[in-house]
Colleague: 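Have a look at this one.
Note that the coordinates shown come from a computational prediction; the quantities given were computed from them, not determined experimentally. Whatever order the structure lists them in is the order used to number ligands and atoms, beginning at 1.
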Amino acid sequence: MAPESELKVAVIGLGYIGLPTAAVIARTGAMVLGVDVRQDVVDTVNSGKVHIEEIDLDGLVSGVVARGTLRASTRVEPSDVFLIAVPTPFNADHSPDIGYVLKATTTVATVLKAGDTVILESTSPVGTTEKLAEFLAQLRPDLKVPGHCAGTPDIAIAYCPERVLPGRIVVELIDNDRCIGGITARCSRKALQFYRRFVRGACVTTTARAAEMTKLVENAFRDVNIAFANELSVIAEGMGIDVWEVIRLANRHPRVNILSPGPGVGGHCIAVDPWFIVHGDPENARLIRTAREVNDGKTDYTIARAEALIDRAGGAPVACLGLAFKANIDDFRESPALKVAEHLAARYGKQIRIVEPYAAQLPPSLAETGAQLIDIDTAIDTCPVFVVLVDHEVFKSIPLSERGAKLVYDTRGIWPDQPSGDDEAPSLRLAG
Ligand code: SAJ
């Protein structure tokens, strides 16, 4: 592989993973080209700015763009390493859609040459990297593609999933261990050499299929564990028990670690990836499918509970706290909080106020209902009813003196000292 300063890397897809990855690699001195179909994204990056909110990303991108090691384009150029980080959504029937991966492969194929390495980072159903190799072999019959040729292949192909947590992406890109699955062992070694340039965590090699499954399993594991907490919260509420207290007590056991209930599971990973396993083996993936259903069902349950509270509040203004899919980020994709707010706003219109410090304006789905975006101080002054949907730090720090008299449905358990304040539903604040 070329020395650092001469290494050319093309990152296809400048989203939540592609852009930070491109910037981190560019910081090592490699010449990085970020490729994206969106001209506005390309222009933003080339001006040294970012189109996504992520801690420390703006300074990093402006630095590498100023140094000239990162630039963006809508067109790919010849490079030594191609890193594909495009979305892999699912269809209405939950089957995976790898269309963007195949499109990115077609793009790479136009400039691929002997000696290059192609790495897929997008979360993908098992077998996708092999499909990518097969596709490349068809597109470029002049190249010896691993798994499709006799003798030593001309290029290397590997799968290496990202596992970074939104809000900690820049740190985790460097510190997390990586699992690298080549189409052949030689491919793994080639990709390993590349990741060692910027990853401080351990880099472990395996097969492409095992690496693909590992990524899916990580997120399915978390989904199943959150489903346990969500199911528990519904059971506990029915029994009039404070689920948060039970979880705190149970977690004192040295081998118990129950996660937190909430209004459902959001984001573009945990709410999506388990379906790839279910689709791969519908007959046997029973627990994984049920967990998905439990977590999605928790959002419907939350809507019903919030509606019951609002109906009793007799037309008083209601503040929905938070729209993001989790705390302290501006990402609303697959957000259960957004879904709850949309339902409530569609039903109660301008009675609903939204507090979301990470939004400059309401998404159209909410704005058109008459719901208003207000700040937290206005909510404290004007709304007697609070529905807590996201555990943003700014909400957690509201003292009891400012919220003690309010009717609260706290889906995240951020205010353990909140009195119920509701004689008809004394367990209300306990609901997870
Ligand atoms: N959530 C709960 N209760 C909990 C923990 C989370 O309700 O106790 C909810 C969150 O509010 C959110 C959703 O689950 O709606 C997902 O949040 P998260 O923080 O668990 O995970 P993500 O989606 O931000 O990132 C996950 C991570 N995967 C794992 O922790 C196994 C991350 O490492 C992956 O890189 C990322 O998915 C991804 O890109 O796949």
Side-chain angles (χ1 to χ4, degrees), residues 13 15-21 52-55 85-90 96 121-125 160-173 175-179 201 211-234 243-244 247-248 251 257-277 288 291-292 294-299 301-302 321-340 358 388-392 395-396 410-414 431-432:
Y16 277 84
I17 301 303
L19 180 58
T21 306
I52 48 177
E53 186 92 14
E54 177 61 38
I55 293 164
V86 294
T88 41
F90 58 53
E121 285 213 2
S122 310
T123 303
S124 299
C160 179
E162 59 78 19
R163 358 161 94 148
V164 291
L165 199 69
R168 287 179 45 82
I169 291 181
V170 176
V171 175
E172 292 204 0
L173 262 176
D175 288 344
N176 286 3
D177 292 355
R178 299 298 291 244
C179 141
E212 288 162 343
M213 187 60 169
T214 302
K215 170 69 194 183
L216 302 180
V217 162
E218 288 166 2
N219 282 349
F221 172 85
R222 194 146 168 89
D223 198 42
V224 167
N225 281 277
I226 299 169
F228 182 85
N230 276 334
E231 184 168 290
L232 200 62
S233 70
V234 176
V243 70
W244 308 101
I247 291 173
R248 269 195 304 277
N251 283 351
N257 183 17
I258 302 172
L259 297 181
S260 304
V265 168
H268 38 102
C269 309
I270 296 189
V272 175
D273 303 357
W275 287 119
F276 292 8
I277 301 180
I288 295 170
R292 272 287 68 244
V294 167
N295 285 333
D296 282 348
K298 186 64 195 296
T299 308
Y301 174 88
T302 302
L321 304 195
L323 294 178
F325 88 82
K326 66 175 187 175
N328 309 323
I329 59 169
D330 74 335
D331 191 339
F332 302 162
R333 286 177 292 175
E334 316 286 333
S335 170
L338 179 62
K339 188 175 169 197
V340 173
Y358 289 87
V388 180
L389 296 171
V390 184
D391 43 345
H392 288 319
F395 302 152
K396 281 189 188 170
D410 178 3
T411 71
R412 296 279 184 176
I414 62 171

Colleague: Of all the non-hydrogen atoms in the protein, which one sits nearest to atom 25 (O) of ligand 1, and at what distance?
Modeller: Leu165 CD1, 3.5 Å
Colleague: Are any of the N/O atoms in Gly267 less than 3.5 Å from those in ligand 1?
Modeller: no
Colleague: In the protein, which heavy atom is nearest to atom 38 (C) of ligand 1, and how far is it?
Modeller: Cys269 SG, 2.8 Å
Colleague: Is a donor on one side and an acceptor on the other found under 3.5 Å between the side chain of Ser122 and the backbone of Pro87?
Modeller: no
Colleague: I'd like to know if the side chain of Asp410 reaches the main chain of Val388, judged simply by a donor and an acceptor atom lying under 3.5 Å from each other, with no hydrogens or angles considered.
Modeller: no
Colleague: Identify which of Asp331, Ile226, Asp273 has a heavy atom lying nearest to atom 6 (C) of ligand 1.
Modeller: Ile226
Colleague: Does Ile169 offer a backbone N or O that forms a donor-acceptor pair with the side chain of Glu54 under 3.5 Å?
Modeller: yes
Colleague: Near Glu218, which atoms of ligand 1 are under 4.0 Å from a heavy atom of that residue?
Modeller: 31 (C)
Colleague: Using a 4.0 Å cutoff against the non-hydrogen atoms of Leu259, which atoms of ligand 1 qualify?
Modeller: 8 (O)
Colleague: Within the distance-only criterion (no hydrogens, no angle test), does the side chain of Arg333 pair as donor or acceptor with the backbone N or O of Gly267 below 3.5 angstrom?
Modeller: no
Colleague: Who's the nearest protein heavy-atom neighbour of atom 21 (O) of ligand 1, and how far?
Modeller: Ile270 CD1, 3.4 Å
Colleague: Which residue owns the protein heavy atom closest to atom 8 (O) of ligand 1, what's the atom, and how far is it?
Modeller: Ser260 N, 2.9 Å
Colleague: Tell me which protein heavy atom sits closest to atom 32 (C) of ligand 1, plus the residue, atom name and distance to 0.1 Å.
Modeller: Val164 O, 3.5 Å
Colleague: Tell me, which protein residue and heavy-atom name are nearest atom 20 (O) of ligand 1, and how many Å apart are they?
Modeller: Arg222 NE, 2.5 Å
Colleague: Pick from Glu334, Arg222, Glu218, Lys326: which one makes a side chain to side chain contact (heavy atoms under 4.5 Å, CB included) with Ile270?
Modeller: Arg222
Colleague: Looking only at protein heavy atoms, which one is nearest to atom 24 (O) of ligand 1, and what is the separation?
Modeller: Lys326 NZ, 2.8 Å
Colleague: Output yes when a side-chain donor or acceptor of Lys215 lies under 3.5 Å from a complementary backbone atom of Glu162, and no otherwise.
Modeller: yes
Colleague: Before signing off on this row, confirm whether Glu162 and ligand 1 have an N or O atom pair separated by under 3.5 Å.
Modeller: yes
Colleague: Any carboxylate oxygen within less than 4.0 angstrom of a Lys/Arg side-chain nitrogen, looking at Arg292 and Asp223?
Modeller: yes
Colleague: Quick one: does Arg163 get an N or O within less than 3.5 Å of an N or O on ligand 1?
Modeller: yes
Colleague: Quick check: does Lys215 get an N/O under 3.5 Å from an N/O on ligand 1?
Modeller: yes
Colleague: Check each atom of ligand 1 against the heavy atoms of Pro166 and keep those under 4.0 Å away; list them by number with element.
Modeller: 24 (O), 25 (O)
Colleague: May I ask you to check if ligand 1 and Gly262 share an N or O to N or O distance below 3.5 Å?
Modeller: no
Colleague: Which is closest to atom 11 (O) of ligand 1 in terms of heavy atoms, Arg412, Glu334, Glu121?
Modeller: Arg412
Colleague: With a 6.0 Å cut-off (strictly less than), is the heavy-atom count around CZ of Phe228, excluding the residue itself, greater than 12?
Modeller: no
Colleague: Look at the side chain of Thr411 and the backbone N and O of Gly262, then say whether any donor-acceptor pair between them is shorter than 3.5 Å.
Modeller: no
Colleague: Taking side chain to side chain contact (heavy atoms under 4.5 Å, CB included) as the criterion, tell me which of Ile226, Val243, Val234 meets it with Pro261.
Modeller: Val243
Colleague: Minimum heavy-atom separation for Met213 and Ile277, please, with both atom names.
Modeller: CE-CG2, 4.3 Å
Colleague: Students should be able to answer this: which protein heavy-atom is nearest to atom 23 (O) of ligand 1, and at what distance?
Modeller: Phe325 CE1, 3.7 Å
